[in-house]
Asker: 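Got a structure here, written out as structure tokens. Questions coming.
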Amino acid sequence: MQTLKEILSAHLRAAFQAAFPGADLSGLPLDALPAGDEAFGDYQCNGAMAAAKVLRLPPRKIAEQVAARIPADGLSARAEIAGPGFINLTLSESALARHLEAMQADPLLGIPQPGAGQTLILDYSSPNVAKPMHVAHIRSTVIGDALKRIHRALGCTVISDNHLGDWGTQFGKLIMGYRHFLDPAQFAAAPVHELERIYVLSSQKAEADPAWEDQCRAELVKLQAGDSENRALWRKFMEVSLADLARIYGRLGVSFELTRGESYYHDALPALIEKLQALGLVRESEGALVAFLDDEKLPPCIVRKSDGGYNYATTDLATVFSRVEEFRPDAIIYVTDERQQLHFRQFFAVAQKAGVRTPLRHVWFGLMRLPDGLLSTRMGNAIKLDLLLDEAEKRALEIVKTASPDMPASQQQAVARAVGIGAVKYADLSQNPQSAVTFTWEKALAMDGNSAPYLQYAHARIASVIDKHAERFPGIDFMRVPLDLDTPQARRLALRLARYPDAVRDAAEQEKPSLLADALYDLSQAYSSFYQNVPFLKADAGLRESRVRLCDLAAKVLRHGLDLLGIETPERI
RNA sequence: GCGCCUGUAGCUCAGUCGGAUAGAGCAUGGGAUUUCUAAUCCCAGGGUCGCAGGUUCGAUCCCUGCCAGGCGCGCCA
């Protein structure tokens, strides 16, 4: 169904056209926007000011002409002109109520389906294997997973692919480390931690000792050339790493349609190089094979190293060809940190020259750092993701125990998991992805204010209201009573609910889950205020059902929205 | 040196194609619970939007310069 904003915007456009028939108004911002201040109305249009130059008329004059022609279908009760030429729209209460009832009856909750028929490949998380996940890895994972869910909600077919770093330089260092530093007992007990330990040792030695570094490189070349001993070690590393990753993804509730690491494309690399050569896109330079991108004003892109090995750009190119051929996607989106912007511009340029027509988009996010510097495995100051999640669940459990002492212990545990993990994910998702994140325990574990637990708590209170209504008034179906937005709090809540479908679409268009998180937080605040100040179950029959019905829609939207962020909504907290 | 990004309340951050009196959370101060879950609600204080110009009826937003910080710039990913 159409969103409220779409309906109002269409009305405004029609009114502009009717008022100024010959004029070319395309490209002007004539849309309805949520009013900046509720004192001005529900939605506003700033188009009259923008049109003033084109029409060469005073904006207030234009606004008057337009306001007089807004279709009278009962949706907007008032259109008023204010200031330099704002058109302020106030909706009729009953029309707003009918719109919400339609949303409530729609299994899609009124979310439009612009993505229907489209296939999207989403590449995110993509950790290097043989290293434990640290708090910084959560950004790509959680943002990517939310984008997948959001695009799906808009009708897209989304294939998520975890493009593991399972074939790169670290394996040379790991193989050397394994042979020289391994503690077998530790490896048996906590394999990935032991791999990290020997990796750090081996890397540090490589920095100090060029001979060691050369040996690491040689072991990598042997591995990539198919040496059986190194391949066996690689398989061992992969086995323990994949098991550990699966466990972490399970905790986070994140899943992938495909997990194709760099190694998956290894056999395709020589043919890819031949193809690039045949197209004349690459040439030898200082022993390496390089694509020069002078026309694009980009630095050269190496596709084969002077030692004959391949790098990131090579596998990325092989990957894009494979994906295009196998899935025929309408777009491929890569979610990585900001440091890779240049790499993606180079790689996209080469891919285009090599004939890739599929739109490729790089969605980057800001680095996560600690208050006193960058997180780094090598520097050993990285905080393990498991530790963060453990702490979050622990703190959530304390809260659940005090809030719901009578709840069975197993349920308390389950709620604490949902709340703790939700808090950590939300801390990341609610922030503009592109701003840098300074990790603090306080922020990552926030459980009041603008946080997942606040939203989950609001939802749980609604669920409880609905259950109590069924208990106390058995046989009364609130869905048969029309919505009545009879208080300012109800009206405010109604407007927030009506904005939800637009928020989902905005989040997808801008690839920013934070826009959805913001809208949900706004909604929860409106709900909490409604809940605190307007009685439901104690209201008179009729009004009571109408209010419970509004609660029901709020619960549905919260549950749906949090699900799009990958956050669970327990029925009780 | 070149490129990308960031600079908004004490702290952490929003700010919708340029729009009305720049908003939240945390922290601080005050108030609300015989009532549907107080992880809540209501109220208050707190700002030269890094600095200086420019464009515009109107700039936190666009342009230029400067200052401060982060990241990147052929064989890492």
Side-chain angles (χ1 to χ4, degrees), chain A residues 27-29 31 33-37 39-40 44 46 49-50 52-53 58-59 82-86 88 126 128 165 168-170 262 285-292 297-307 309-313 315-316 336-343 345-346 364 366-367 369 374 396 399-400 402-404 419 430-432 434-438 440 442-443 446-451 453-454 456-458 460-469 472 502-503 506 510 514-515 517-518 521-522 525 528-529 531-539 547-548 551 572-573:
Chain A
L28 288 175
D31 283 355
L33 304 170
D37 184 330
F40 300 134
Q44 67 181 64
N46 305 332
M49 277 96 74
K53 284 192 192 102
F86 295 105
N88 291 327
S126 309
N128 284 330
T169 315
Q170 83 262 34
E262 295 170 342
S285 169
E286 296 170 36
L289 199 61
V290 180
F292 287 91
K297 296 194 169 68
L298 289 170
C301 177
I302 292 180
V303 298
R304 194 180 63 203
K305 300 187 279 185
S306 51
D307 66 3
Y310 303 109
N311 58 17
Y312 191 31
T315 22
D316 268 353
T336 81
D337 75 51
E338 59 181 310
R339 287 175 301 190
Q340 300 188 32
Q341 289 179 84
L342 179 58
H343 161 72
R345 282 167 61 200
Q346 293 175 298
W364 58 266
L367 281 177
R369 66 193 76 240
L374 276 178
I399 293 169
V400 173
T402 37
S404 303
V419 170
S430 61
Q431 212 164 111
N432 184 336
Q434 299 191 343
S435 47
V437 169
T438 301
T440 61
E442 186 193 5
K443 194 173 22 157
M447 302 214 178
D448 52 12
N450 188 359
S451 69
Y454 177 93
Q456 290 168 319
Y457 179 64
R461 292 204 293 186
I462 304 174
S464 171
V465 165
I466 292 167
D467 286 356
K468 287 223 163 70
H469 180 269
R472 295 183 197 177
D502 290 313
D506 289 347
Q510 298 185 44
S514 61
L515 298 179
D518 275 353
Y521 179 59
D522 246 19
Q525 281 188 308
S528 293
S529 177
Y531 176 90
Q532 202 82 20
N533 296 298
V534 180
F536 322 141
L537 299 180
K538 291 179 183 61
R547 288 173 179 170
V548 173
C551 287
R572 291 287 181 279
I573 286 185

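In what follows, chains are A, B, ... by sequence order, proteins preceding strands, each numbered from 1. Because only heavy atoms are used, hydrogens play no part in the values below, and waters and symmetry mates are left out as well, while side chains stay in.
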Asker: Would you confirm whether A/Q170, through its side chain, and A/G165, through its main-chain N or O, come within 3.5 Å as a donor-acceptor pair?
Answerer: yes
Asker: Round to the nearest Å and state the distance from A/Q510 atom CD to B/U16 atom P.
Answerer: 9 Å
Asker: As a quick check of understanding, evaluate side chain to side chain donor-acceptor pair (under 3.5 Å) for A/S528 and A/Y454, giving each step before the final call.
Answerer: CA-CA 10 Å; A/S528 293; A/Y454 177 93; 3.2 Å; yes
Asker: Is the shortest side-chain N/O distance from A/K468 to OP1 or OP2 of B/U37 below 4.0 Å?
Answerer: yes
Asker: Between B/A39, B/G19, B/G15, which nucleotide has the shortest distance from any of its atoms to the side chain of A/N432?
Answerer: B/G15
Asker: For the side chain of A/Q44 and the backbone of A/G36, is there at least one donor-acceptor N/O pair under 3.5 Å apart?
Answerer: yes
Asker: For nucleotides B/G54 and B/G47, find the distance between their C1' atoms and express it as a whole number of Å.
Answerer: 25 Å
Asker: Between B/U35 and A/Q532, is there an OP1 or OP2 to side-chain N/O distance shorter than 4.0 Å?
Answerer: no
Asker: Can you tell which of B/A39, B/U37, B/C41 lies closest to the side chain of A/Y531?
Answerer: B/U37
Asker: Kindly point out which of B/A38, B/A20, B/A77 is positioned nearest to the side chain of A/E262?
Answerer: B/A77
Asker: From the options B/G19, B/C41, B/A14, select the nucleotide whose nearest atom is closest to the side chain of A/P84.
Answerer: B/G19
Asker: Atom NZ of A/K443 to atom P of B/A27: distance rounded to whole Å?
Answerer: 16 Å
Asker: Looking at A/N88 and B/A20, is any side-chain donor or acceptor paired with a base atom of the opposite kind under 3.5 Å?
Answerer: yes
Asker: Tell me if the side-chain of A/S464 makes a donor-acceptor pair with the base of B/C36, cut-off 3.5 Å, by modelled atom types.
Answerer: no
Asker: Closer than 4.0 Å, any side-chain N/O of A/S285 to the OP1 or OP2 of B/C75?
Answerer: no
Asker: Ignoring backbone atoms, test whether A/Y310 places a side-chain nitrogen or oxygen under 4.0 Å from the OP1 or OP2 oxygen of B/A77.
Answerer: no
Asker: State whether A/S529 places a side-chain N or O below 4.0 Å from either non-bridging phosphate oxygen (OP1 or OP2) of B/C42.
Answerer: yes
Asker: Where the side chain of A/V419 is concerned, which of B/G70, B/C42, B/A39 is the nearest nucleotide?
Answerer: B/A39
Asker: For the side chain of A/Q341, starting at C-beta, report the closest nucleotide among B/C75, B/C36, B/C4.
Answerer: B/C4
Asker: At less than 4.0 Å, is any side-chain N or O atom of A/R339 found next to OP1 or OP2 of B/C76? Yes or no.
Answerer: no
Asker: If you measure from the P atom in B/C75 to the same atom in B/C11, how many Å do you get, rounded?
Answerer: 40 Å
Asker: In terms of side-chain heavy atoms of A/K305, which of B/A14, B/C75, B/G19 is nearest?
Answerer: B/C75
Asker: Below the 4.0 Å mark, does B/A77 have OP1 or OP2 next to a side-chain nitrogen or oxygen of A/T336?
Answerer: no
Asker: B/G74, B/C26, B/C57: which one has an atom nearest the side-chain heavy atoms of A/V290?
Answerer: B/G74
Asker: Heavy atoms under 4.0 Å, any strand shown: does A/Q456 hit a base, just sugar-phosphate, or nothing?
Answerer: nothing
Asker: Base, sugar-phosphate, or nothing: which does A/A446 touch, judged by heavy atoms less than 4.0 Å apart?
Answerer: nothing
Asker: Output the single nucleotide from B/A77, B/U40, B/C73 whose closest atom is nearest the side chain of A/L342.
Answerer: B/C73
Asker: Nearest whole angstrom, please: distance from the P of B/G58 to the CD of A/Q44.
Answerer: 19 Å
Asker: For A/I462, which contact category applies under a 4.0 Å heavy-atom criterion: base, sugar-phosphate, or nothing?
Answerer: nothing
Asker: State the pairing partner of B/G25; accept Watson-Crick or G-U wobble contacts with both distances under 3.5 Å, and report none otherwise.
Answerer: B/C11
Asker: Taking O4'-C1'-N9-C4 for purines and O4'-C1'-N1-C2 for pyrimidines, is B/G29 syn (within 90° of 0) or anti?
Answerer: anti
Asker: Name the closest nucleotide to the A/Y312 side chain, picking from B/A32, B/A77, B/C17.
Answerer: B/A77
